[in-house]
Amino acid sequence: MIVLSCSNISLSFGTDQILEDVSFNVSHDDRVGLVGVNGAGKSTLFKILAEELQPDRGEIFTAKGSRIGYLEQNSFLESDKTLWDELISCYSEIIDMEKHIRQLEKEISIEKDSQRLSYIMKEYDTLLVRFENMGGYEYNSRIKGVLHGLGFDENEFSRKVSTLSGGQKTRLALAKLLLEEPDILLLDEPTNHLDMDALEWLEDFLKSYKKAILVISHDRYFLDAVTSRTIELENCRCKVYNGNYTVYVKQKMQDREIQQRHYEQQQREIARIEAFIEQQKRWNRERNIIAAQSRQKALERMEKIDKPDNLPGRIKLKFKSGIPSSNDVLFVENLTMGYTGNPLFSNISFNLRKNEKAFILGPNGCGKSTLLKLLVGKLAPLSGSIEYGHNIKVAYYDQEFSDLNENNTIIEEVWNGNEKLTQTQIRNVLASFLFKGEDVFKCISVLSGGEKSRVALAKLILSDANFLILDEPTNNLDINSREVLEEALQEFDGTILAVSHDRYFVNKLATRILEFKNNSIVNYAGSYSLYLDYKNKKEKDAVASNNKQKDISASKLEYMESKEMKARQRKLQRQLEEAEKKINEIEDRLNQISLQMETASSDHVKLLELHEERTSLEKQLDELYSVWDSLCAEEAELK
């Protein structure tokens, strides 16, 4: 059953066309992702669906009795109520019904008239059934479940809404909307301000939601998990794809290739027919003129295939480290930060080696961003030490944009610190970040979050740093820009330490995971996928262990743990031996290459091949040493 239908929706602001002939249908159980670059009109379309904006033309139909619930980006709840009181208001009808039931129970206990008692009992039974069907026995646990799922602790339930931060108010607005259970749920960037645990909870909640969902998100992992259809807004128009984000990307690429091929084939056919017509006209005999006219009519009847529209502009990124760093990049020893008697984290220690791409994970408020600020000297620790290796040049991306001067124009902000570059060079850099013409003279204070992100990235590009410290670099970026950033960071020949809640981004780049847990850090060597596999296995093992008989003796349990420890040590030893074997093989080959380069000093082609092979092997060797170090550290912990 269709609950929402859009037909030829069009909207423009002045001379700027935002939407043109946008049409689609949504069924009662659809989960639809709305995607497109920043500025494509996604939020504008949601405002039209929620009747906050009127289109220039077109029609919207909603099924009779259907309620639309709309979560705007950064939608703040303003209230003097507590969190609990704000959310319990979602169940005012049930609460009134519960009060009525209690009143009827009192009347039943004192009523003497049998006829009147029978009437009250009938009303009581009817009300009780309705109360149960509406979830009257569950609403308290629902509120608790949603608050916990979105990252609120029980001791926060009695806090006043007015005392919450902007991000917390947005999460509370999302909680309230989910509890209201509208028939059509419009969510504009619902994953903002959520940590990974809350993201996973929201995914599970939405997957079990029995009504229609339309969601705008740049979180590709989230879109893949939740959506089954995708609507793309591009060049003011929309196109509907069956499938989640990954399916949509593949289908879009195939559709463009097919359309381009058909367009080129038709253009060749048109050119052939036009050449034939021109030839017949030159011969200028009666039968030639008739043939030319016949072909001209055929050409006019031909249904023309449009050339695929140009794709939206993409930023251009290529990070380049100015000077090579030492193999040892960062040493953190026994670092403690927080308030007296209430540390945010205690005695954390870890090292980073050249070319590692390490990501810090953990719940909101655990100290991830604080740790990065300590590393770049914006804060001072309570205790512990931070040391950098030789030739380390650090560049820091701050999600709060505190390094941007709000009073500067874009060109002034990027030119400061890069005075050796000419205006033309600076403007070329800004053009690659989609700041062209008069845009470069906009003041930083009037820029959107996405535009500020691009300015910060432009400064990062020009830093020539060999160690990037990044705090939520994908926030405010659309999917196109995130993909460009991923590609640039994959090719970056330096070291990266980053905080991110973008699981797709982390999965693409991470070679190491540092997880905040119990005020400390747990180190995982390898990719994000390996980290998830390890955590899932650990959870399954814990469940299996809890299901075992509880009368296992302490000695037997100790024996089992010792056995598992030894098995893990043996596995680590095998991995170490394998890594050492590969290291030796590469070092032997590098020695051979050095000898071959000496004997082939006059063969420039051979020298180039050997040089490229040596560069590739040296990079592999650095990565192997990083893995070897991590394995050694893990082996030391087991001992």
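Scope of the values below: all heavy atoms of this structure, side chains included, with no hydrogens, waters or symmetry mates.
- Partners of Ser481 by side chain to side chain contact (heavy atoms under 4.5 Å, CB included), not counting sequence neighbours, listed by chain and number: Ile315, Leu477, Asp478.
- Counting only N and O atoms by type, the side chains of Asp502 and His218 include no donor and acceptor under 3.5 Å apart.
- Counted by atom type alone, Asn244 and Thr227 present zero donor-acceptor pairs between their side chains at under 3.5 Å.
- In summary, the side chains of Asn192 and Thr170 do not present any donor paired with an acceptor at a separation below 3.5 Å, with no hydrogens or angles considered.
- A side chain to side chain contact (heavy atoms under 4.5 Å, CB included) with Ile521 is found for one member of Asn347, Leu335, Ile348 and no other, namely Ile348.
- Heavy atoms only, all atoms of each residue included: Ile101 and Tyr124 are closest at CG2-CE1, 3.6 Å.
- Taking all atoms of both residues into account, the shortest heavy-atom contact from Thr82 to Asp85 is OG1-N, 3.1 Å.
- Each salt bridge (charged side-chain N to carboxylate O under 4.0 Å, His left out) pair with one or both residues in residues 172-181, not counting sequence neighbours, appears once here: Glu86-Lys176, Arg142-Glu181.
- Counting heavy atoms from C-beta outward, Leu233 and Val35 have side chains that stay 4.5 Å or more apart.
- Residues passing the ring-ring contact (aromatic ring centres under 6.0 Å, His included) test with Tyr504, sequence neighbours excluded: none.
- By the neighbour-count criterion of 12 heavy atoms within 6.0 Å, atom NZ of Lys211 is densely surrounded, having more than that number from other residues, nucleotides or ligands.
- Salt bridge Lys239/Glu232: absent, no basic N to carboxylate O contact under 4.0 Å.
- Under the 3.5 Å distance criterion, with hydrogens and angles disregarded, no donor-acceptor pair is assigned to the side chains of Tyr245 and Ser217.
- Taking the six-membered ring wherever Trp is involved, the centroid distance between the rings of Tyr221 and Phe505 does not fall below 6.0 Å.
- Annotation: the span from Leu532 atom CG to Tyr528 atom OH amounts to 4.0 Å, rounded to 0.5 Å.
- Atoms CG and CG, on Asn38 and Asn476 in that order, are 8.0 Å from each other to the nearest 0.5 Å.
- The environment of Asp153 atom CG is dense: over 12 non-hydrogen atoms of other residues, nucleotides or ligands sit within 6.0 angstrom.
- When all heavy atoms are compared, the tightest approach of Ser369 to Gln399 is OG-NE2, 3.3 Å.
- A donor atom on one side chain and an acceptor atom on the other are not found under 3.5 Å apart for Ser10 and Asp56.
- Of all heavy-atom pairs spanning Leu104 and Glu123, the tightest one is CD2-OE1, 3.9 Å.
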